[in-house]
S.K.: 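Before we start, here is the structure in question, set down as structure tokens.
Numbers for residues simply follow the sequence, beginning at 1.
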Amino acid sequence: MAAENKKQDKREAILNAAENLFAKHGYDGVTLRAIAKEAGVDVALANYHFGPKRDLFDAVLLRRAQILNSWRLEALEATVQKAAPNPPEVKDIIRAYFEPLFKRSQVQEPGWKSYYALIAYVNSSPEWGGTLMTQFFDPMIHRFLAVLKTALPGVPDKSVYWGYHCLSGALTLAFAQTGRIDHLSNDLCKSDDLPDACDYIVDFVAAGFSDMIAASEKEAATL
């Protein structure tokens, strides 16, 4: 048992080191040798556990993606059940999407900060965004969009998807925690204060989707 625990500890050390370095330098700026050095293991062990660098990159993304997806799905389904038999309110759906990411205690942990920065990098990359985000997050996002559509009667699907695109952009920038808003606001706002950011983003995004309902109703009234 001790040997198995030691093996697992080294595997986690490799994942932690890879997560940190990929978040700081991107995929192309990191080698397996650098990851092994930071993890305190031989590079052969990294190869043994994960294979080539791309497989390790995928393993890093998958590890916390599974956790995030489960948190958000749990919050979303609870929102759906609470509102049944009616559709949930738009703002409640948006809150279920963001709060598990921004308001749980993990947001202050170094590993999670690195992971969020890595997701920001992947989601905004033409090389990775269309493939890896699809691979690791689309099943949960499709469920979210399906519920969102029930709360947006008459709103064209095209509008919903562009609205989600705007939502995803806000999420990505918040994940990056670049410090940009700190400078713009003279430190009135802090990019690493994700719980605070959550409230403003939820209000802003929900208002945008709600305006789509009003626009759809106005258009229908003119027909």
S.K.: Shortest non-hydrogen contact from Asp92 to Thr79?
M.R.: CB-CG2, 3.8 Å
S.K.: If a pair satisfies salt bridge (charged side-chain N to carboxylate O under 4.0 Å, His left out) and one of its residues is in residues 156-168, list it, with sequence neighbours excluded.
M.R.: Lys149-Asp157
S.K.: Considering only heavy atoms from C-beta outward, does the side chain of Thr172 approach that of Ser168 to under 4.5 Å?
M.R.: yes
S.K.: Within the structure provided, determine whether Tyr116 and Leu68 are in side-chain contact (heavy-atom separation under 4.5 Å).
M.R.: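 A side-chain contact under 4.5 Å exists here.
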S.K.: May I ask whether Tyr161 and Val155 are part of the same hydrophobic cluster, defined by side-chain heavy atoms of I, L, V, M, F, W, Y residues being less than 4.5 angstrom apart, directly or through others?
M.R.: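 Yes, because Tyr161 and Val155 connect within a single hydrophobic cluster, where side-chain heavy atoms sit under 4.5 Å apart.
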S.K.: Over all heavy atoms of both residues, which pair between Ala39 and Ala13 is shortest? Give the atoms and the distance, please.
M.R.: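 Result for this residue pair: CB-O, 3.5 Å.
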S.K.: Same cluster or not: Leu73 versus Leu62, using hydrophobic residues (I, L, V, M, F, W, Y) connected whenever any side-chain heavy atoms lie under 4.5 Å apart?
M.R.: yes
S.K.: Would you check if Arg143 and Glu77 make a side-chain contact, meaning some heavy-atom pair closer than 4.5 Å?
M.R.: yes
S.K.: Has Ser114 got a side-chain atom pairing as donor or acceptor with Pro110's backbone, closer than 3.5 angstrom?
M.R.: yes
S.K.: Locate the shortest heavy-atom distance separating Ser191 from Gly179; write the atom from each residue and the value.
M.R.: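 Heavy atoms only, the tightest pair is OG-N, 3.1 Å.
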S.K.: Could you state the interatomic distance from NE2 (His49) to CG (Asp55), rounded to the nearest 0.5 Å?
M.R.: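 Atom-to-atom, His49:NE2 and Asp55:CG are 14.5 Å apart.
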S.K.: Answer yes or no: is there a donor N or O on one side and an acceptor on the other, between the side chain of Gln177 and the main chain of Asp193, under 3.5 Å?
M.R.: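 No, Gln177 side chain to Asp193 backbone: no donor-acceptor pair under 3.5 Å.
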S.K.: Carefully, step by step, assess Leu45 and Arg11 under the rule side-chain contact (heavy atoms from CB on, under 4.5 Å).
M.R.: CA-CA 9 Å; Leu45 188 62; Arg11 189 178 188 278; over 6 Å; no
S.K.: Between CG of Leu118 and CZ of Arg64, what distance do you get to the nearest 0.5 Å?
M.R.: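 If I round to the nearest 0.5 Å, the distance is 10.5 Å.
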S.K.: Atom CG in Leu21, atom CG in Asn16: separation rounded to 0.5 Å?
M.R.: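 One gets 11.0 Å once the value is rounded to the nearest 0.5 Å.
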S.K.: Main chain of Ile119, side chain of Asn123: is a donor-acceptor contact present, judged purely on distance under 3.5 Å?
M.R.: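 Absent.
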S.K.: Hey, could you give me the OG1/CD1 distance between Thr150 and Ile93, rounded to the nearest 0.5 Å?
M.R.: 5.0 Å
S.K.: Heavy atoms only: give me the nearest Pro139-Thr134 pair and the separation to one decimal.
M.R.: CD-O, 4.2 Å
S.K.: Are Val160 and Phe204 in one and the same hydrophobic cluster, where Ile, Leu, Val, Met, Phe, Trp and Tyr link if side-chain heavy atoms are under 4.5 Å apart?
M.R.: no
S.K.: For residues Pro88 and Ala151, report the shortest heavy-atom separation together with the two atoms involved.
M.R.: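 Closest approach of Pro88 to Ala151, heavy atoms only: O-CB, 3.3 Å.
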S.K.: Hey, does Gln108 have a side-chain heavy atom less than 4.5 Å from the side chain of Leu194?
M.R.: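 No, too far: nothing below the 4.5 Å cut-off.
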S.K.: Output yes when a side-chain donor or acceptor of Tyr115 lies under 3.5 Å from a complementary backbone atom of Val60, and no otherwise.
M.R.: no
S.K.: Taking all atoms of both residues into account, what is the closest heavy-atom pair of Val30 and Gly26, and its distance?
M.R.: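 Where Val30 meets Gly26 most closely, the heavy atoms are CG2-O, 3.3 Å.
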S.K.: Residues in salt bridge (Lys or Arg N to Asp or Glu O under 4.0 Å) with Lys24, at least two apart?
M.R.: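 Applying salt bridge (Lys or Arg N to Asp or Glu O under 4.0 Å) to Lys24 gives none.
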S.K.: Starting from Ile94, can I reach Leu173 by hopping between I/L/V/M/F/W/Y residues whose side chains sit under 4.5 Å apart?
M.R.: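 No, separate clusters.
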S.K.: Compare all side-chain heavy atoms of Asp58 with those of Phe136 and state whether any distance is below 4.5 angstrom.
M.R.: yes
S.K.: Checking ring-ring contact (aromatic ring centres under 6.0 Å, His included) between Trp71 and each of Tyr97, Phe98, Trp112, Phe102, which is the one that passes?
M.R.: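 Among Tyr97, Phe98, Trp112, Phe102, the one that satisfies the ring-ring contact (aromatic ring centres under 6.0 Å, His included) with Trp71 is Trp112.
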S.K.: Considering only NZ, NE, NH1 and NH2 on the basic side and carboxylate oxygens on the acidic side, decide whether Glu12 and Arg63 come within less than 4.0 Å.
M.R.: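 Yes, charged N to carboxylate O under 4.0 Å.
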S.K.: Is a donor on one side and an acceptor on the other found under 3.5 Å between the side chain of Ser125 and the backbone of Tyr121?
M.R.: no
S.K.: Short question: side chain of Lys53, backbone of Tyr27 - any donor-acceptor pair under 3.5 Å?
M.R.: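 Yes: the side chain of Lys53 pairs with the backbone of Tyr27.
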S.K.: Counting only heavy atoms from other residues, nucleotides and ligands, does the tally under 6.0 Å from CD of Glu89 exceed 12?
M.R.: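 Check fails, neighbour count at 12 or below.
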S.K.: State the CZ-OG distance between Phe175 and Ser124, to the nearest 0.5 angstrom.
M.R.: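 Reported to 0.5 Å precision, the distance equals 12.5 Å.
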S.K.: Under 4.5 Å between any side-chain heavy atoms of Phe50 and Leu32, yes or no?
M.R.: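 Answer no - side chains too far apart.
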S.K.: List the steps and the verdict of side-chain contact (heavy atoms from CB on, under 4.5 Å) for Val41 and Tyr48.
M.R.: CA-CA 11 Å; Val41 302; Tyr48 169 77; over 6 Å; no
S.K.: Less than 4.5 Å apart, any side-chain heavy atom of Tyr164 and any of Ile141?
M.R.: yes
S.K.: With a 4.5 Å cut-off on side-chain heavy-atom distances among I, L, V, M, F, W and Y, is there a chain of contacts connecting Ile67 to Leu61?
M.R.: yes
S.K.: So, do Cys198 and Glu99 sit near enough that their side-chain heavy atoms are less than 4.5 Å apart?
M.R.: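 Touching, per the 4.5 Å side-chain cut-off.
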S.K.: As an exercise, state the distance from CD1 of Ile35 to CD of Glu19, rounded to the nearest 0.5 Å.
M.R.: 11.0 Å
S.K.: Enumerate the residue pairs fulfilling salt bridge (charged side-chain N to carboxylate O under 4.0 Å, His left out) with a member in residues 161-184, sequence neighbours excluded, ordered by first and then second residue.
M.R.: none
